[in-house]
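Here is how names work: the chains are called A, B, and so on, in the same order as the sequence lines, proteins then strands, and each is numbered from 1. Worth knowing before you read on, the calculation uses all heavy atoms, side chains too, and leaves out hydrogens, waters and symmetry mates.
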Number of protein chains: 2
Amino acid sequence: MAERASSGPPRGRRRGSPDTRSAILAAARSSFAEHGFAGTTIRAVAASAGVDAALVHHYFGTKDELFLAALELPVDPRKLIAPAVAGPVEQAAERFLGVFLTAWDDPDIRPSLVAVARGIMDPAANRLLSEGVLPVVIEPIGVALGIDRPAERMPLVASQVIGLILMRYVLVVEPLASMPRDRVIATYAPTIQRYLTGDLP
Amino acid sequence: MAERASSGPPRGRRRGSPDTRSAILAAARSSFAEHGFAGTTIRAVAASAGVDAALVHHYFGTKDELFLAALELPVDPRKLIAPAVAGPVEQAAERFLGVFLTAWDDPDIRPSLVAVARGIMDPAANRLLSEGVLPVVIEPIGVALGIDRPAERMPLVASQVIGLILMRYVLVVEPLASMPRDRVIATYAPTIQRYLTGDLP
DNA sequence: GTCTATAAATCGATAGAC
DNA sequence: GTCTATCGATTTATAGAC
């Protein structure tokens, strides 16, 4: 009864208790974000999720696989940054910073992003930036914006955004950590806009 | 014979083989830089230095103390950045970037700096930035330069420099990693100069 | 599915011989 | 000064009962 018809992609819950699985995943994200990869123990993740350590292995296999699973963002970054590329390129920096801060200020996805940031720093998984974040998130923005030499300019943008993210959200350095969103945008927009469309040597 | 006379401060080698001690320290720096704090084991450091693990404890005590010893830079950062504060504030950004890149491009001190950068990222030791690098290295520059609201502007400078350092030296992302020194300075100097002396919201 | 029990390896740190 | 030996605690991971 109430079985799904055979139309559309397979939706609905997978086998196993999805609550338990996602609880483990959420606990893993928090731990990876707070203690890094090496500083996270399977036992602590299990305890934080209220389950046994063996269950973590049952769902995710090794610690590495759990880490990769925890890095899967709950939202598609490409969808998130779509508003940044829609509009005149002259105000692209403000829109870009806006969607970025919106994502990072969302308490639902910030832990995942912090985990990604820390994972990038961990030598055990730092192909993540060069093979992941940069080509699938950052560079397509430059291409979509139609800017000049995107492969050259977007890393400049990334260098400033990563530094800001690090100081404001990961290391929580004042006064950046407590600075209002609009002020952050107004402060950094000229820098980003110059990297996007300004004169470069 | 040939013993030192009792004049002047105690110079010369301390007790113990200085080669062994510095070999341990060098191995510790490499390991901390490559594997982070939690990913570094005393045993691996000892093996890399060609000595026994117990000897590491003998010289440096606990793992934390070894970490702090490994972070001791071979040069005094304050001396290094002295040229950056001497001169007109209008070109401070160029001088600032110059001394920074000079230090990071020096193969003798880059491993230590990479270790510091990774140590900052490790949650187990991230008081290092807020209690170490920022107040003793970054902020004094702003004070010495006599800029307006240094506690507010220097974190902005730090956010861009850290992002640049991360992309160019730690993550080795192109084209920043291979960009000539002068071009890096020309690219980032306007940003830094604005954070130092420009108009902010 | 979930847990107990435990194997097997590795860790930091100490004591003590030489 | 340097190393052997080892303790005690933790870790990942597996085997198997319920």
S.K.: Taking the side chain as C-beta and beyond, is there a heavy-atom pair between Leu164(B) and Phe100(B) under 4.5 Å?
M.R.: no
S.K.: Quick one, Arg95(A) and Leu145(A) - any side-chain contact, counting heavy atoms below 4.5 Å?
M.R.: yes
S.K.: Using a 4.0 Å heavy-atom cut-off to protein, can you give one letter per nucleotide of nucleotides 12-18 of chain C, 5' to 3': B if the base is in contact, S if only the sugar-phosphate is, - if neither?
M.R.: BBB----
S.K.: Any side-chain N or O of Tyr59(A) less than 4.0 Å from the OP1 or OP2 oxygen of dG1(C)?
M.R.: no
S.K.: Rounded to whole Å, how long is the line connecting atom CZ of Phe60(B) with atom C1' of dG1(D)?
M.R.: 14 Å
S.K.: For the pair Phe37(A) and Phe32(A), name the ring-plane relationship: parallel under 30°, tilted 30 to 60°, perpendicular over 60°.
M.R.: parallel
S.K.: I'd like to know if the side chain of Thr102(A) reaches the main chain of Gly98(A), judged simply by a donor and an acceptor atom lying under 3.5 Å from each other, with no hydrogens or angles considered.
M.R.: yes
S.K.: Show me, pair by pair, the donor-acceptor contacts under 3.5 angstrom made by side chains of residues 186-194 of chain A, not counting sequence neighbours?
M.R.:
from: Thr187(A); atom 1: OG1; to: Arg183(A); atom 2: O; distance (Å): 2.7
from: Tyr188(A); atom 1: OH; to: Ser159(B); atom 2: OG; distance (Å): 2.7
from: Thr191(A); atom 1: OG1; to: Tyr195(B); atom 2: OH; distance (Å): 2.8
from: Gln193(A); atom 1: OE1; to: Ala93(A); atom 2: N; distance (Å): 3.1
from: Gln193(A); atom 1: NE2; to: Val89(A); atom 2: O; distance (Å): 3.0
from: Gln193(A); atom 1: NE2; to: Glu90(A); atom 2: O; distance (Å): 3.4
from: Gln193(A); atom 1: NE2; to: Thr197(A); atom 2: OG1; distance (Å): 3.1
from: Arg194(A); atom 1: NH1; to: Thr187(B); atom 2: O; distance (Å): 3.1
from: Arg194(A); atom 1: NH2; to: Thr187(B); atom 2: O; distance (Å): 2.8

S.K.: Rounded to whole angstrom units, what separation is found between the NE2 atom of His58(A) and the P atom of dT2(C)?
M.R.: 7 Å
